[in-house]
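Reviewing the structure listed below.
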Amino acid sequence: MLSAPSLFIASAIVTWPLIVEKNAFDAFYEFSRAYDTWGGDEVALLTLNLAVALGLSDYLKSRKLRRLREYRALERNRAKVNARHDPLTGLINRRAFYEVMDQIFSDPEGPDATRYVALIDLDRFKPVNDQHGHAAGDAALCASAERMREEAGAGGAVARLGGDEFVLVFGPAMDAASVERTARRILRSVAKPIPFEGRQLSVGASLGLVQWDAARGLTEMMRRADHALFQAKSNGRGQFAWYDADADRQTRDRAEIAADLKEAVAHQEIVPYFQPIVKIGNTELVGFEVLARWHHPTRGDVPPTIFIEIAEDSGLIGELGMSILRKACVQALDWPEILGMSFNVSPIQFVEQELVSQIKQVLDETGFDPRRLTIEITESSVIDDFSAAAQKIEALKALGIKIALDDFGTGYSSLACLRSLPFDRLKIDRSFVTDVSEQEQSQKIVNGILSLASGLNLEVTAEGIESIEDLTYLQKQSCSLGQGFFFEKPVPAEQISWLLETEWSDRVICTPPLKVAG
């Protein structure tokens, strides 16, 4: 037990900071001078009161400090929890998911274990937000998260990466078959209606599945899971898809081509080639069709079927098309004026509002006679809105340009196109022309098209003529024009002058077919 002196010293140590902080000495001195007539009992009472007050103040301040320490500890714990968990759904977040994966594969036994991961994205989530508000969207997220957690199975963990994207790490005992069964259960569970304020919210899910390979790194494996998810959505949503290395390779290759294509268009590296169009009856040359060609510095010749589609998807088709047309018009100025030129306009390009003005600008800049130009469009360019298509076609025809319906016979409403739109020419698709002399069904289709065109006073071009037999058959049917490898493959502009001066000097192409120039 402490002695009186020790107790006094201890209390002095405790109270000294408070006395100094409150300037208690100065106050006591001033007080004592004002009341120097007080007796000993008054002074003792005052001292006792001061001691009690100081002790109570010390107790209250200690209590406040203790509460503050407890609050700070609670906040630190809450911050730790929030740093690892999504505040809305309660699932672990992206950061915690990465930590889980590091922990799994840093375990000496972990890297040898086969683990599977599913990247999950909600379907139809945006309409729920847009139609019912963010509160409904939050309810859908929470309900979906809980259903995923229930289906995850033993050892599984679900994380919310952000927005409506989740990731599920399957338990170590799950094989591929078990993973697929769980994926199907998740799809069914998430697709069930979600009650919200007397309404039923409807969402769904798509899953991308991947077998985790820690050696490839977290970034690469998540990219693979994302690719698998993209495949699931491309297949119609509400499905799961495994990562496909071949499909991934094609996607990455396509992305690389798209990046190179952007540079090629900017530097005008894609050039026009020209394929002859002749009169079927006497094989007299009447013009050329313009075809885009791209020679890649490392890939070699990239087929138009690949880069034209990529140009359409990436929004480059308009710029590419006008670049090719401008070059072709400049190069065709050296041809005999009797020779025309056909130019294909893609469906994406045709619907652009500036198409007519852009073509007119090219013709004005180059000085190419619009009466020598034929614009070829496909049925898919006009089928959605005949009225708008008719206005655009009339505007092009007003410039003197002729219009051809390309790939005739392959669509669903070709006759409706002819009835509604003022075409000048039909092009029979090559699928009906090549080997027509041997295909009875193709003969019936070609004869029907020729009869229809004759009744409508339309010229007909048969593309895809590759043999003397096909040419002979079409001559007997009085087809107007033709083109194909039988006459010539597409050639670059610098070879046109040589061909016109030699083999086509009299503008007549003779059979047997010419050798391919160059």
Side-chain angles (χ1 to χ4, degrees), residues 272-291 328 332 335-345 369-379 396-397 400-410 414 417-418 421-437 442-443 445-491 496 499-500 503-504 506-514:
Y273 271 48
F274 302 88
Q275 185 173 37
I277 302 173
V278 305
K279 290 183 178 180
I280 290 290
N282 58 10
T283 66
E284 179 182 358
L285 180 67
V286 297
F288 297 88
E289 179 180 2
V290 182
L291 302 168
W335 303 347
E337 292 185 0
I338 195 173
L339 297 180
M341 186 172 69
S342 293
F343 180 79
N344 293 279
V345 172
D369 187 349
R371 294 173 296 181
R372 298 173 60 189
L373 179 63
T374 298
I375 295 294
E376 298 182 1
I377 60 177
T378 60
E379 178 189 313
L396 290 170
K397 290 172 69 72
I401 300 170
K402 292 182 283 294
I403 308 296
L405 180 58
D406 198 6
D407 299 337
F408 187 80
T410 60
S414 299
C417 290
L418 292 181
L421 302 172
F423 291 104
D424 300 294
R425 182 186 301 171
L426 302 181
K427 291 192 69 174
I428 306 177
D429 187 72
R430 66 177 61 251
S431 61
F432 303 124
V433 174
T434 302
D435 296 330
V436 66
S437 60
S442 294
Q443 292 175 10
I445 294 173
V446 169
N447 293 345
I449 294 174
L450 291 173
S451 177
L452 174 65
S454 176
L456 297 173
N457 294 318
L458 298 176
E459 281 189 322
V460 176
T461 301
E463 58 179 344
I465 300 174
E466 298 185 0
S467 69
I468 185 63
E469 290 79 14
D470 293 340
L471 174 61
T472 300
Y473 179 83
L474 292 168
Q475 286 174 333
K476 293 179 179 178
Q477 305 305 319
S478 300
C479 183
S480 310
L481 305 172
Q483 65 184 96
F485 289 175
F486 174 78
F487 306 110
E488 188 71 80
K489 291 183 178 180
V491 296
I496 297 295
L499 290 173
L500 290 175
E503 300 178 39
W504 298 339
D506 56 357
R507 300 200 312 280
V508 174
I509 301 178
C510 302
T511 55
L514 301 173

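Values reported hereafter were calculated over all heavy atoms of this structure, with side chains retained and with hydrogens, waters and symmetry mates removed.
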Give, for atom [atom1] of [X] and atom [atom2] of [Y], the distance between the pair rounded to the nearest 0.5 Å.
| X | Y | atom1 | atom2 | value |
| --- | --- | --- | --- | --- |
| Thr461 | Lys279 | OG1 | NZ | 12.5 Å |
| Ser480 | Leu450 | OG | CG | 7.5 Å |
| Phe343 | Glu376 | CZ | CD | 10.0 Å |
| Arg372 | Ser342 | CZ | OG | 12.0 Å |
| Leu373 | Ile401 | CG | CD1 | 5.0 Å |

Practice item. Evaluate the side chain to side chain contact (heavy atoms under 4.5 Å, CB included) criterion for residues Phe423 and Ile377: first the C-alpha distance (whole Å), next the side-chain angles of each, then the deciding distance (0.1 Å), finally the verdict. Key: CA-CA 10 Å; Phe423 291 104; Ile377 60 177; 3.8 Å; yes
Practice item. Without swapping roles, check the side chain of Asp406 against the backbone of Lys427 for a donor-acceptor pair under 3.5 Å. Key: no
In the structure I gave you, are the side-chain heavy atoms of [X] and [Y] within less than 4.5 Å of one another anywhere?
| X | Y | result |
| --- | --- | --- |
| Phe485 | Pro490 | yes |
| Ile449 | Phe408 | yes |
| Leu471 | Thr283 | yes |
| Leu500 | Leu285 | yes |
| Tyr273 | Lys489 | no |
| Asp424 | Thr374 | no |
| Ile428 | Ile445 | no |
| Leu421 | Leu405 | no |

Point to revise | Over 12 foreign heavy atoms within 6.0 Å of NZ, Lys397 | key: yes
Can you name the residues that form a side chain to side chain donor-acceptor pair (under 3.5 Å) with [X], not counting sequence neighbours?
| X | value |
| --- | --- |
| Arg425 | Glu459 |
| Gln275 | Gln483 |
| Thr472 | none |
| Asp435 | none |

Practice item. Not counting sequence neighbours, which residues clear ring pair (Phe, Tyr, Trp, His ring centres under 6.0 Å) with Phe288? List them please. Key: Trp335, Trp504
Point to revise | Listed partners of Lys402 passing salt bridge (charged side-chain N to carboxylate O under 4.0 Å, His left out), at least two apart | key: none
Point to revise | Heavy-atom pair of closest approach, residues Ala453 and Leu426 | key: CB-CD1, 4.0 Å
Check your understanding: Think Lys476 forms a cation-pi with Tyr473, using NZ or CZ under 6.0 Å from the six-ring centre and within 45 degrees of its axis?
Key -> no
